[in-house]
Amino acid sequence: MKTEAYINKIIEDTGLSKTEIQSLVEEKKEELKGLISDEGALFVIAKELGVEVSGENQELLNEIELNISDIALNMKNIVLVGRIKDIFNLNSFKKSNGEVGYVGAFKLHDNTGDIRIVLWDDQVNVFKDERFEKNEIVKILNGNAKQGRYGGIEIHIGRFSKIVLAPEDVDYKKYPKIKEEFKLINEINENLGSISIEGKVMNRSPVREFTRKDGQNGKVCSLTVRDSSGKTRISFWNDDIDKTEKIDIGDFISLSSLNPRKSNFIEGQIDLHATSWTQITKKDKVVKFNSQVIDNIDTLQNQKGYISFQGIISAIDDVKKITLKSGEEISLLGFNVSDKTDAIRVTAWRERADELSKSLKNGDGVLLKDVELRYNNYSQKNEVTVAIDSSIEKIDLKIENIKISKPSTNFKQNNFSGNFTDINTIQSSGFFELKGVISNELKNIRFYEACSECRKKIDNCTCEKAGDKKLTMITSHFLEDESGRIRATFIGEAAEKLVGEKAELIVKVKDTPDYEKLLKKLSSSIIGRDIMIKGRVKFNDYSDAYEIVASNFQDISVNDDLENRIKEIMT
DNA sequence: CCCCCCCC
C-alpha cells in the first residue's frame, strides 16, 4: 500500500506516532472539506512536515479524488471515479490544420450525480477497449472542467489526462451498479441524449438497402416498440442490424443506448436510433397494455395510438388480395364500425383479414380492443388498424340511429407521397409514383363499355347486380424522365382528365373525318406536359417492358410549384 | 445515413 509507505516515511523522518499521523490526516481531510483521500492528505502532511516524498509527487497529487457534485467550472487536474452511465457517439472532424480530430463522450455517474466526460483525439481509443461499457468503473486523472455546449459542466480529457478502466485502487462498494432506467416512449425528446426503453415489439421492417448521398451503401432495419405510453420506431444501421436478428414480433425487450433524433420525414416526430453500444435484452414478460376505452366514435378523430371502442359494423368489404409495392400479395379486409356519433373505417391485413372476414358480417356488434388509430393521408381521416395485440369480439349491441359514413368526399387533391421512382430503376411490379413529361402524340383512343360497379368490361363483369354501362376510354402515352421512359395508360376518368374531354363526346367524332384533327388538337395539349402519375406497374410480355396504368395523375405546373413554395414560406 | 406498414 502506498499509504503505508508514506506513513513509514513520515515516522522515519519526524518520529511522529502512527496515531498522531492518523489525526493529522483527519484534520487535513476536514480542512479540505473531504476533497482529499487519505493518500492525498498524507502527501500534503508530508510536504508540510518537510518529509521528502520524491518521485511520487505528480501521482499523489492525482490522488485527490473528488465527487461529481464537487466539480466546479475551470477546475484542473481533476481526479474522479465513477461508473459509465451512458456512451455517446464518437465523431471525427477536420482540424484547422487539416488533420483529422476525434471527439467522443460518455456520462459518468457517482453517488452525487452525473457528468459528461469529453475525450479528444487519441483518448477516444478507450472506446475500443472491450471493458468500456455501461456500468464499468472508470478513473479519470487530470481532467479539466469546462463549460459544456448546452450549459452544465463537462470534464475534458485531453493530451495530459488519463483514463483508467476498471482501476484496482478503488473501493467498488462506494460505486454501486447503476440500475437501468427506462424512459417512457411518450416522454422521449430530442434533448435526452442516450436513453433506454423497454416494450413490446409490434413490428419489424425488412432490411432496406440504400445508397447514401455520398455514394456509400448502407442498410437499415427498424423495430416498432410499444410501451404503456405509446410506440416508437428504432432504426438499426449496418452491422448493428445483427442485434435484431433474434428478435421477433411480440417479444418484450429492453434496449439501451438509443439516440433520439428528429425525423426528417415526419415533422415533429422523434425516432430512436440504435448505436454500436445498443444492447437488446429479451425479457420473460407477458405484458398487457391497458388502452384507453373510447365511448364515442366521433372522438376517435382526435385521438392517436392504441385504443378500444365498440360499435356496429355498418359496411364490410369482401376480403381482397392486394399487391404491395414490394410485390408481396396480401389480404386486406376493410369495414366500417358505427355508433350514433360517427363511423370509422377499420382495416385488417394478411391472415387477420382472412380470419376476420369469416366471422364478421354487416350488422354485428363488435368490441375492438387495443386497436391502433392512425391518420390516413388518403381519406384525410383517422382509421383503425387491427394490430398484433388487437382483438375483435362480437357483442350484443343495439344502437338506434347509427351513423353510416358517406363515402369520404374530402380526399386530398394532391395525395402524392412525393416518393417518386426513376423510371429506369423500375424492376418489379407494384405501386409507383412517377414524374415526367408526356413525349408522344396521341395516335388513337380506344373505348369500351364498363360496369359502373366493378369498372370491368361488361363481358368480364361478375357483379351479382351489374351496374350501369359506362362508356370508358383508354389512352396510351409515353412518360419520360431523365432516366428513361415508360408506357403509361390512362383509363376512364383519368383519361378524360388528361385529354380534357368526355368519352361520350370523343366517341361521337371517332368515326368521322374530323377524328384525326381532334387527335392532333388533343395531342398538342398533351405533349410536353409535366405530370406526376400514381399507379400500378406491370410487366408487359409483348412489349418486353414495364408499363404503368395511371390511377391518378396531376399536372406539375410552375404556378403550383410557386404556390407550394409560398405556402412553405408563410408557414 | 433508410422511410411514413400495407390498399384505394
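Reckoned from all heavy atoms, side chains included, excluding hydrogens, waters and symmetry mates. Reminder, nothing fancy here: chain letters follow the sequence lines and each chain counts from 1.
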> Kindly indicate, with the supporting measurements, whether the criterion side chain to side chain contact (heavy atoms under 4.5 Å, CB included) is fulfilled by A:Asp298 and A:Lys403.
CA-CA 10 Å; A:Asp298 61 350; A:Lys403 258 232 168 91; over 6 Å; no
> Under 4.0 Å, heavy atoms only, any strand: does A:Thr385 hit a base, just the sugar-phosphate, or nothing?
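Touches a base.
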> Round to the nearest Å and state the distance from A:His273 atom NE2 to B:dC3 atom C1'.
11 Å
> When you get a sec, tell me which of B:dC7, B:dC2, B:dC6 is the closest nucleotide to the side chain of A:Arg208?
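For A:Arg208, the side-chain atoms sit closest to B:dC2.
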> Just compare B:dC1, B:dC6, B:dC7 and give me whichever is closest to any side-chain atom of A:Leu332.
B:dC7
> Can you tell me the distance, in whole Å, between the CG atom of A:Asp354 and the P atom of B:dC7?
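A:Asp354 atom CG is separated from B:dC7 atom P by 17 Å.
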> Taking CG from A:Asp271 and P from B:dC1, how many angstroms apart are they, rounded to a whole number?
11 Å
> Can you figure out which of B:dC7, B:dC5, B:dC3 approaches the side chain of A:Phe210 most closely?
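Nearest to the side chain of A:Phe210 among the choices is B:dC3.
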> Between B:dC5 atom P and A:Lys231 atom NZ, what is the distance in whole Å?
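Interatomic distance, NZ of A:Lys231 to P of B:dC5: 7 Å.
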> Taking for each residue the nucleotide of DNA chain B bearing the nearest heavy atom, is the 5' side occupied by A:Thr224 or by A:Ala274?
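Looking at DNA chain B, the more 5' nearest nucleotide goes with A:Ala274.
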> Need one value for A:Asn264: base, sugar-phosphate or nothing, where a base atom within 4.0 Å counts as base even if backbone is also close, heavy atoms only.
base
> Taking the side chain of A:Ile266 as heavy atoms from C-beta outward, which of B:dC4, B:dC3, B:dC6 is closest to it?
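Nearest to the side chain of A:Ile266 among the choices is B:dC4.
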> Which comes earlier along DNA chain B counting from the 5' end, the contact point of A:Val220 or that of A:Thr323, where each point is its nearest nucleotide?
A:Val220
> With a cut-off of less than 4.0 Å, is there a side-chain N or O of A:Arg261 near OP1 or OP2 of B:dC1?
yes
> So, using ring pair (Phe, Tyr, Trp, His ring centres under 6.0 Å) as the criterion, who are the partners of A:Phe132 when residues are at least two apart?
A:Phe106, A:Phe127
> Do A:Ser331 and A:Lys321 meet the criterion of a side-chain donor-acceptor pair at a distance under 3.5 Å?
yes
> From CZ of A:Arg233 over to C1' of B:dC4, roughly how many Å is that when rounded to an integer?
7 Å
> Would you say A:Asn217 places a side-chain N or O within less than 4.0 Å of OP1 or OP2 belonging to B:dC2?
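Looking at the OP1 and OP2 atoms of B:dC2, neither is under 4.0 Å from any side-chain N or O of A:Asn217.
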> Testing the 3.5 Å rule here: is there a donor-acceptor pair between the side chains of A:Trp237 and A:Ser235?
no
> Looking at every strand, decide which applies to A:Glu329 at a 4.0 Å heavy-atom threshold: base, sugar-phosphate, or nothing.
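Counting heavy atoms under 4.0 Å across all strands, no contact is made by A:Glu329.
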> Just so I know, are the side chains of A:Asn376 and A:Lys381 near enough to count as touching, which here means a heavy-atom distance under 4.5 Å?
no
> What is the distance from OH of A:Tyr375 to C1' of B:dC7, rounded to the nearest Å?
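Spelled out: OH on A:Tyr375 to C1' on B:dC7 is 17 Å.
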> For A:Arg352, report the nucleic acid contact type (base, sugar-phosphate, nothing); a contact means any heavy atom under 4.0 Å.
nothing
> What's the CG-P distance between A:Asp239 and B:dC2, to the nearest Å?
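So the CG-P distance, A:Asp239 to B:dC2, works out to 18 Å.
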> State whether the distance check finds a donor on one side and an acceptor on the other, under 3.5 Å, for side chain A:Arg374 versus base B:dC5.
no
> Under 5.5 Å between ring centres and under 30° between planes: true for A:Trp237 and the base of B:dC2?
no
> Of the listed nucleotides (B:dC4, B:dC7, B:dC2), which one gets closest to any side-chain atom of A:Phe265?
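Looking only at heavy atoms from C-beta outward on A:Phe265, the closest nucleotide is B:dC4.
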> Taking only residues two or more places apart in sequence or in another chain, which ones pass ring pair (Phe, Tyr, Trp, His ring centres under 6.0 Å) with A:Phe539?
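Per chain and number, A:Phe539 pairs via ring pair (Phe, Tyr, Trp, His ring centres under 6.0 Å) with A:Tyr546.
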> Round to the nearest Å and state the distance from A:Asn376 atom CG to B:dC5 atom C1'.
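It works out to 12 Å between those atoms.
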